Structures are given as structure tokens and as C-alpha cells.
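First up is the structure itself, then whatever we jot down about it.
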Amino acid sequence: MYNRQERRIKYGKLIEGLWDCPFCDNKRIKAGQKTCPLCGHPQDENTKFYMPDAIEYVSEEKAAKISRNPDWQCSFCGSLNSDDLNICKNCGATKEDSERNYFEIRKQEEEKKRKKEEKKETHQKNTAKSAPKKKEKKKKSLMKRALLFLGIFAVIIFGMMSCLAPKVKNVTIDDFDWERTIDIEEIITHSESDWQLPDDARLQYTKNEIKSYEQVIDHYEKVTETKTRRVIDHYEDEVSHVDLGNGYFEEKTKSVPVYKDETYTETTDKPVYRQEPVYATKYYYEIDRWTVVDTAKNSGRDQNPAWPEPKLKDNQRTGTKDEHYFVTATYEKKEGKTETERYEMDFSEWKKLKKGEKTDLKIDAAGFAEINKE
Ligand SMILES: [Zn+2]
Ligand SMILES: [Zn+2]
């Protein structure tokens with residue numbers, strides 16, 4: 001499709017640019033003047049065309065004769081020449097020997113400038129390295145705080161560990177005591193219920209009961225939401241001036257869209273859920289189990305433990321056996337101050353100890369003692 005806009009881009013109006021003479025410092029020379037009117041210096045690689053403050057269009061008649069191609073630089077004398085000249089007007093060298101045009105020169109010059117600035121910047125950075133000391137200080141204080149925190153944490157952990165770690169105490173054995181128990185079990189009938197019937201149970205009855213709940217869609221509800229979207233409101237002309245590289249600027253007009261936010265509503269069907277009970281058969285049954293009904297206990301304050309001998313009824317049996325052996329011992333807590341404590345021990349070690357004997361006991365956090373062998 002042939003469009004008006006493109007036509008305008010192709011045939012933009014021309015504006016004559018300006019340049020500054022690098023040799024004599026003459027400024028705002030009209031670009032059509034290829035040599036400085038004051039010193040005669042020609043346009044060269046230092047020439048950069050720029051737009052005048054007030055826009056004045058070149059007549060259509062004149063514009064038709066002006067080439068839209070960039071100037072070429074004479075490789076011999078360095079001056080800029082119009083595209084339509086085949087011989088340098090300054091020295092007579094041919095266009096074929098030319099190596100760069102205006103844009104290529106500008107690109108190389110910009111690159112040079114950029115590199116120079118980079119060098120300057122790194123130099124500045126190197127000399128200003130002492131400046132960010134404050135930041136470093138801050139970092140250091142943060143580190144200090146972190147270390148302090150870690151230190152406190154370590155002390156706490158160490159403290160907890162040493163509390164839990166077994167302690168060795170030099171004690172004098174004062175006394176012994178012990179306790180032995182045997183559970184007495186009897187078959188008892190229990191009434192229970194479950195979702196399954198155990199093999200050895202006697203079923204009483206069943207009942208349909210709620211076992212769990214399931215989420216199901218009850219119905220759908222229309223939900224209307226207000227949303228926004230970006231749409232094109234209208235087009236605006238955007239005018240720009242393009243450097244042709246021959247001293248002239250071409251005016252280009254581009255149509256650009258201007259956007260706005262538009263609100264609209266959207267209606268969707270959203271499901272509404274409900275909790276639906278799930279029923280299952282529950283079994284109510286009786287079951288016989290060996291159950292602890294009593295505990296026979298024997299205890300003494302000597303080193304001769306004996307198991308209790310419970311009198312069992314016909315429907316009874318003995319269950320779990322349990323035994324505990326203790327020593328009461330005295331140790332020096334501080335200078336001249338003694339403390340007496342009771343510790344549990346294993347039968348084999350407990351049996352070996354003698355009243356009045358001095359020994360090292362290793363005692364753990366739960367108060368259980370072992371004879372220290374280290
Ligand atoms: Zn000059
Ligand atoms: Zn030349």
C-alpha cells in the first residue's frame with residue numbers, strides 16, 4: 001500500500017546546517033560554505049554539522065539539486081567534498097582514492113573521544129580510591145557485629161553441650177536401694193470401634209457414619225471484574241531532523257501513536273464449592289486384650305535385690321518386668337561443702353560397689369551413673 005507518510009519521509013524538506021572552523025575558531029558558518037570565510041580552512045574530519053536555532057527551509061528548486069549522500073573526505077588533503085564532485089576542489093585528488101565519508105569519520109572520531117574519556121575515568125578512579133573508606137568502615141563494623149553474634153551463639157551452644165556432657169565426680173558411696181516390679185495382666189473385654197473389623201473381634205453392630213469430607217462444585221457464580229488495557233487514542237506527528245552528512249538536515253515527520261488506558265468489564269463463571277460428607281461403615285465390636293491390672297513391687301535398702309512373687313489368679317499372667325538400682329553418694333561441691341545425691345546405675349556395676357568406698361562416677365544429664373574407667 002502506498003502511504004502518504006512514507007512519501008513525506010522520502011521527500012523531507014532540507015535545512016542548511018552550520019559548522020565551526022577548528023582552525024580560527026570562527027563559529028556558525030553556513031554548511032554550504034566548504035571553506036572558512038575568515039581563514040580559508042576547508043571542512044575536514046573535525047567538522048560536525050549542527051542545526052541552526054531558527055529553521056529556514058531550502059527552496060524546493062535548490063533542494064532538488066542537492067545530493068542526499070554524505071560528503072567524502074579527500075585522502076590527500078583531508079577536506080570534505082560534496083558527493084556530486086568527482087575531484088577534490090581543494091587539491092584535485094580523485095573521489096575514487098577517498099577512504100572515508102562524513103559518517104565514517106564521525107564514527108571514528110566518536111570512538112576516539114569515548115576511549116579518551118574512559119582512560120580519564122579510570123585515572124580518576126585510581127586517584128579517588130581512598131574515597132570510599134567510609135563504606136569500608138561500615139562493612140567492617142557489620143562484620144564485627146556478625147562475629148560477636150557468632151561468638152555469643154558459640155558460647156551458648158558450648159554451655160548447653162557441657163551441661164549435657166557427662167560429669168565425673170569423686171564420690172563416697174553412702175547407701176544402696178533398689179526396686180523391682182512385675183506387671184500383672186488379665187484378659188479384659190474392651191468395647192471399640194473402627195473402620196475395619198480386627199480378626200479376633202466380636203462384631204456388635206455397624207453404623208453408617210461420616211468418615212471424611214470431599215470438596216465438590218455446588219454451582220457457578222457470575223463474577224464481573226473491571227480491568228484496564230492500553231489502547232491507541234490518536235496519532236501525533238513527531239518531527240525530527242536527520243543529518244545527511246553533507247551540511248544539510250532533512251526534516252522527517254513520523255506519525256506516532258498516543259496511548260490511553262481503557263477500562264472494560266469481564267464476566268467469568270467461577271465455581272462455588274461445598275463440603276460433601278463421605279459415609280462409610282463403622283464397626284462397633286468387643287475385643288479381648290491382655291491388660292495390665294496391677295503391678296507387684298519389691299524394694300529394699302541393701303544390695304540383695306529379689307523379684308516379687310505375685311499370686312496369680314486363673315485368668316492372670318505376668319507382664320513386663322522392670323528393675324532399678326540406685327546409689328546415694330556424697331561428693332565435695334566446693335571447698336568444705338559436700339552434697340549428697342542419688343544416682344541410678346546398671347545392676348552389674350551397682351553390685352560391685354561397697355559402702356564407704358571412694359570412686360569416680362561419670363554422671364550424665366539424666367542422673368545415670370557409671371564407674372569412670374579413664
Ligand atoms: Zn577559519
Ligand atoms: Zn584534496
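The structure displayed is predicted, hence computed values, not measured ones. Ligands are counted one by one from 1 in listed order, and the atoms in each one are counted from 1 as well.
For E118, the CD atom sits in a packed shell: over 12 heavy atoms of surrounding residues, nucleotides or ligands are nearer than 6.0 Å.
Evaluation of the side chain to side chain contact (heavy atoms under 4.5 Å, CB included) rule for T122 yields no partner, not counting sequence neighbours.
With respect to the salt-bridge test (charged N to carboxylate O, under 4.0 angstrom), the residues D20 and K48 do not qualify. Under 4.0 Å is where a charged nitrogen must lie from a carboxylate oxygen, and between E286 and R202 at least one such pair does.
Of all protein atoms, those that are N, O or S and lie under 2.8 Å from the Zn ion (ligand 1) total 4.
Here the straight-line distance linking atom CH2 of W350 with atom CD1 of I371 works out to 12.5 Å at 0.5 Å rounding.
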Worked check of side-chain contact (heavy atoms from CB on, under 4.5 Å) between Y50 and R28: CA-CA 9 Å; Y50 56 91; R28 310 184 77 78; 3.5 Å; yes

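Here C88 contributes SG and C74 contributes SG, and at the Zn ion (ligand 2) these two atoms make an angle of 110°, given to 10°. Remark: at the Zn ion (ligand 2), atom SG from C77 and atom SG from C91 enclose 120°, rounded to the nearest 10 degrees.
Looking at I187 and T291, their side chains never come closer than 4.5 Å, going by heavy atoms from C-beta outward.
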